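Here the structure is a predicted model, which is why all the values come from computation and not from measurement.
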Amino acid sequence: MEALRKKEMYTIDDIYALPDGERAELIDGKIFYMSPPSWKHQQISGKLYQKIANHIESENGTCEVLAAPFAVFLDQDEFNYVEPDLSIICDRSKLDEKGCHGAPDWVIEIVSPSSKSRDYMEKLFKYRMAGVREYWIVDPDKQKVMVYWFEHDVVEQYDFGTDVPVGIYEGFHINLLL
């Protein structure tokens, strides 16, 4: 019996054809299946979402903070589809019922064992090239936050429990104390 040949390039249609409940991301035509997030991952995501949403509301801001699963069509092509843990989008014209079309202003990824290399490598490159202004990699195992301010070519690392300045919101800091 002949083995099935794997597709060399996947498209967004392949993502939409996944069985209900199965999640994956598509980066340059390669599909990456996603495992369910851990309790710690969800705890961090929830705290960050709450702090960011509260700040936006207190400032009467117009940006939206959206938690995964939420589709981001980074390159607006058929070969790239990601679901960042948190997407902060200030240009509401990028939003529709399907997701965000183009780069969010700020993306936060919370590292899990299955996503570590993608978060630190492929997604870092994709987000920068797509025009994301700020990218945070939150690593629960290392208890570190890597902050990439792409607009200013600045990379900084913070420990959990210290104030992390938010580049897109002057004067706003987040202390990720668990």
Roughly how far apart are Ile89 CD1 and Thr62 OG1, rounded to 0.5 Å?
12.0 Å
Search all heavy atoms of Leu86 against all heavy atoms of Ile52 and return the closest pair with its distance.
CD1-CD1, 4.4 Å
By side-chain hydrogen bond (donor to acceptor under 3.5 Å, both in side chains) - contacts of Tyr148 (at least two apart)
none
Pairs involving residues 106-127, ordered by first then second residue, that meet ring pair (Phe, Tyr, Trp, His ring centres under 6.0 Å) (sequence neighbours left out):
Trp106-Trp136, Tyr127-Tyr135
Do Arg133 side-chain atoms and Phe150 backbone N/O form a donor-acceptor pair below 3.5 Å?
no
Under a 3.5 Å distance rule, please check whether Glu25 uses its side chain to pair with a backbone N or O of Glu83 as donor and acceptor.
yes
Would you give the length of the straight line joining atom CG of Asn175 to atom NZ of Lys47, rounded to the nearest 0.5 angstrom?
10.0 Å
Checking Lys51 now: which residues fulfil salt bridge (charged side-chain N to carboxylate O under 4.0 Å, His left out) with it, not counting sequence neighbours?
none
Minimum heavy-atom separation for Gly102 and Val72, please, with both atom names.
O-CG1, 3.8 Å
If you measure from CG on Asp139 to CG on Asp141, what distance do you get to the nearest 0.5 Å?
5.5 Å
The side chain to side chain contact (heavy atoms under 4.5 Å, CB included) partners of Glu22 (sequence neighbours excluded) come to Leu18, Pro19, Tyr33
How about Ser45 and Ile110: do any of their side-chain heavy atoms sit closer than 4.5 Å?
yes
Contacts of type side-chain hydrogen bond (donor to acceptor under 3.5 Å, both in side chains), residue Asp96, not counting sequence neighbours:
His101
Give the intermediate values and the outcome of side chain to side chain contact (heavy atoms under 4.5 Å, CB included) for residues Val164 and Leu176.
CA-CA 8 Å; Val164 181; Leu176 196 57; 5.9 Å; no
Tell me every residue that passes salt bridge (charged side-chain N to carboxylate O under 4.0 Å, His left out) with Glu122, counting only those two or more places apart in sequence or in another chain.
none
Phe32 and Lys30: CA distance, side-chain angles, deciding distance, side chain to side chain contact (heavy atoms under 4.5 Å, CB included) verdict:
CA-CA 7 Å; Phe32 297 94; Lys30 294 179 185 153; 3.9 Å; yes
Using the rule given for side chain to side chain contact (heavy atoms under 4.5 Å, CB included), can you reason through Asn80 versus Phe73, listing the C-alpha separation, both sets of side-chain angles and the distance that settles it, and then say yes or no?
CA-CA 6 Å; Asn80 289 282; Phe73 306 94; over 6 Å; no
Given 3.5 Å as the limit, does a donor-acceptor pair link the side chain of Asp163 with the main chain of His173, or not?
no
Minimal heavy-atom distance between Arg23 and Ala68, with the atoms involved, is NH2-CB, 4.0 Å
Check: Ser112 main-chain N/O paired with Ser115 side-chain donor or acceptor under 3.5 Å
yes
First locate atom CG of Asn54, then atom CD1 of Ile56, and finally report the distance between them rounded to the nearest 0.5 Å.
9.5 Å
Over all atoms of both residues, closest heavy-atom pair of Leu95 and Glu64:
CD1-CG, 4.0 Å
From CD1 (Ile168) to SG (Cys63), nearest 0.5 Å:
5.5 Å
Sequence-distant partners of Lys144, side-chain hydrogen bond (donor to acceptor under 3.5 Å, both in side chains), two or more places apart:
Asp159
Residues forming a side-chain hydrogen bond (donor to acceptor under 3.5 Å, both in side chains) with Asp153, sequence neighbours excluded
Arg128
Sorted by chain and residue number, the salt bridge (charged side-chain N to carboxylate O under 4.0 Å, His left out) partners of Asp28 (sequence neighbours excluded) come out as Lys126
Which residues pass the salt bridge (charged side-chain N to carboxylate O under 4.0 Å, His left out) test with Glu134, sequence neighbours left out?
none
Does Cys100 have any disulfide bond (SG atoms under 2.5 Å apart) partners at least two apart in sequence or in another chain, and if so, which?
none
If we only count heavy atoms from C-beta on, is the Val138 to Val111 side-chain gap below 4.5 Å?
no
Does any pair with a residue in residues 45-64 pass ring pair (Phe, Tyr, Trp, His ring centres under 6.0 Å), and if so which ones, sequence neighbours excluded?
His55-Tyr169, His55-Phe172
What heavy-atom pair brings Ile137 and Asp119 nearest, and what distance separates the two atoms?
CD1-O, 3.4 Å
Heavy atoms of Ala130 and Ala103 approach each other most closely as O-CB, 3.3 Å
For Tyr16, is the NZ or CZ atom of Lys98 found under 6.0 angstrom from the centre of its six-membered ring and inside 45 degrees of the ring axis?
yes
